[in-house]
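Each remark here refers to the structure printed beneath this line.
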Amino acid sequence: MTFRRNDVHDAHRPPPIRHARRTRCPGRGDALRRFVIERPVWVTLPALVASGVLASVGTLFALTELMGMGYGPTFRRSITIATVAPILVTVPIGGFIIRLLREVDDARRQAQDMAWLDPLTGLMNRRRVTEIGAAEVDPSRRHGTDCAVALMDIDDFKRINDAFGHGAGDSVLQGVARTLCEASDGVDHVARWGGEEFVVVMPGASLEDALAQSERLRTAVEQLAIAAGRARPVRCTVSIGLATAGYLEGFEDLVNRADRAMYRAKAAGKNRVAVG
């Protein structure tokens with residue numbers, strides 16, 4: 001089983017979001033918008049200027065032919081105007097439009113991040129992973145393919161806050177988030193479920209694969225040492241509940257089974273994986 005990474009670059013910079021798998025055929029408007037937004041200005045602006053000049057000169061030739069005006073001195077002056085005028089108009093207006101489109105796209109991305117990302121860890125939030133989880137589980141329910149969910153809780157997190165302070169608790173949450181992403185190595189959808197709980201959706205994972213991956217995640221967190229100011233490094237563990245999708249279950253049912261398994265893992269001594 002291979003995994004695609006959902007990276008956390010640092011504690012305050014959100015990772016790229018991998019969207020639920022859906023196919024959408026981009027239209028010409030989408031392609032043009034992406035070209036303007038994603039290409040450097042020195043590429044997009046000359047392209048807009050060239051388009052304006054070609055349209056202007058092409059229109060001049062078409063009108064000349066239709067009206068039978070001929071290609072005398074007047075035409076040569078007209079073609080000069082048809083070439084220069086679009087350049088003078090397109091450069092300032094095109095530059096303004098490019099800047100405006102990019103500002104709008106930045107605002108859209110920021111709004112999307114606020115709606116989809118947990119601000120502390122940079123992971124997907126509960127709302128977003130629920131959408132993605134449903135998109136992953138529904139096909140597995142219909143077609144009998146594999147999908148698993150691991151729900152995990154940081155053991156004795158209140159003790160960490162009490163002993164080291166809430167700032168250290170935040171550092172632990174950020175460190176665990178980063179570790180889960182690195183240990184997942186990419187296919188899994190890693191998210192903060194709430195409080196000190198995290199969820200990992202594993203598309204295509206059989207019970208055997210998901211159990212092995214959950215053990216890797218548990219071990220990676222167990223080995224984590226998080227700096228907490230001048231205090232000694234903070235260590236923590238997680239208890240993990242694991243559930244694989246059934247034919248009649250939705251994503252919420254799967255999470256509920258994983259939640260019950262997680263509490264069994266805690267009751268059995270913590271820092272372990274239990275299967276629901």
side-chain contact (heavy atoms from CB on, under 4.5 Å) between V221 and C236, intermediate numbers included: CA-CA 7 Å; V221 174; C236 64; 3.9 Å; yes
Verdict with reasoning, R218 to T237, per side-chain contact (heavy atoms from CB on, under 4.5 Å): CA-CA 7 Å; R218 184 196 63 78; T237 60; over 6 Å; no
Step-by-step side-chain contact (heavy atoms from CB on, under 4.5 Å) determination, S214 to M202: CA-CA 10 Å; S214 296; M202 306 178 188; 3.7 Å; yes
L207/L242 under side-chain contact (heavy atoms from CB on, under 4.5 Å): CA gap, chis, key distance, verdict: CA-CA 9 Å; L207 177 59; L242 179 65; 4.2 Å; yes
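To the nearest 0.5 Å, atom CD of residue E196 and atom CG of residue L173 are 7.5 Å apart. Going from atom CD1 of I226 over to atom CG of D170 covers 11.0 Å, rounded to the nearest 0.5 Å. Here the straight-line distance linking atom CD1 of I240 with atom CG of L151 works out to 9.5 Å at 0.5 Å rounding. Here the CD-CG distance, from E215 to L217, works out to 9.5 Å after rounding to the nearest 0.5 Å.
When the side chains of ILVMFWY residues are joined at heavy-atom separations under 4.5 Å, either directly or via intervening members, V91 and L54 end up in two distinct hydrophobic clusters. Hydrophobic clustering, with ILVMFWY side chains joined whenever heavy atoms are under 4.5 angstrom apart, keeps I81 apart from F61.
Between G276 and R264, the shortest heavy-atom contact is CA-NH2, 3.4 Å. Minimum interatomic distance between I154 and K266 (heavy atoms only, all atoms of both residues): O-NZ, 4.0 Å. Summarising the geometry of I160 relative to R235, their closest heavy-atom pair is CD1-O, 4.3 Å, with the distance given to 0.1 Å. Between T244 and S206, the closest heavy-atom pair is CG2-C, 4.4 Å. Residues S56 and A82 approach most closely at OG-O, 2.9 Å, considering heavy atoms. Residues P203 and C147 share a closest heavy-atom pair of CA-SG, 4.2 Å.
For CD of E222, the number of neighbouring non-hydrogen atoms (other residues, nucleotides, ligands) closer than 6.0 Å is greater than 12. Open room surrounds CD on E208; 12 or fewer heavy atoms of other groups in view lie less than 6.0 Å from it. More than 12 non-hydrogen atoms from other residues, nucleotides or ligands lie less than 6.0 angstrom from CZ of F157.
The main-chain N or O of L123 is never found under 3.5 Å from a side-chain atom of R192 such that the two would form a donor-acceptor pair. Side chain of D259 to backbone of V255: no donor-acceptor contact under 3.5 angstrom is found. Remark: side-chain polar atoms of D253 are paired, donor with acceptor, to backbone N or O of G250 under 3.5 angstrom. In this structure a side-chain-to-backbone donor-acceptor pair under 3.5 Å is missing from D188 to V200. Remark: the backbone N or O of D118 is not paired with any side-chain donor or acceptor of R126 at under 3.5 angstrom. A donor-acceptor pair under 3.5 Å is formed between the side chain of T179 and the backbone N or O of G175.
When the options T44, L88, I87 are evaluated for a side chain to side chain contact (heavy atoms under 4.5 Å, CB included) with V49, the one that passes is I87.
Residues L180 and M152 form a side-chain contact, since some pair of their non-hydrogen atoms from C-beta on lies under 4.5 Å apart. You'll find the side chain of F198 stays beyond 4.5 Å of the side chain of V238, heavy atoms only. Two residues are said to be in side-chain contact when any heavy atoms from C-beta on lie closer than 4.5 Å; M124 and V190 fail this criterion.
Between the side chains of D153 and S239, no donor N or O sits under 3.5 Å from an acceptor N or O.
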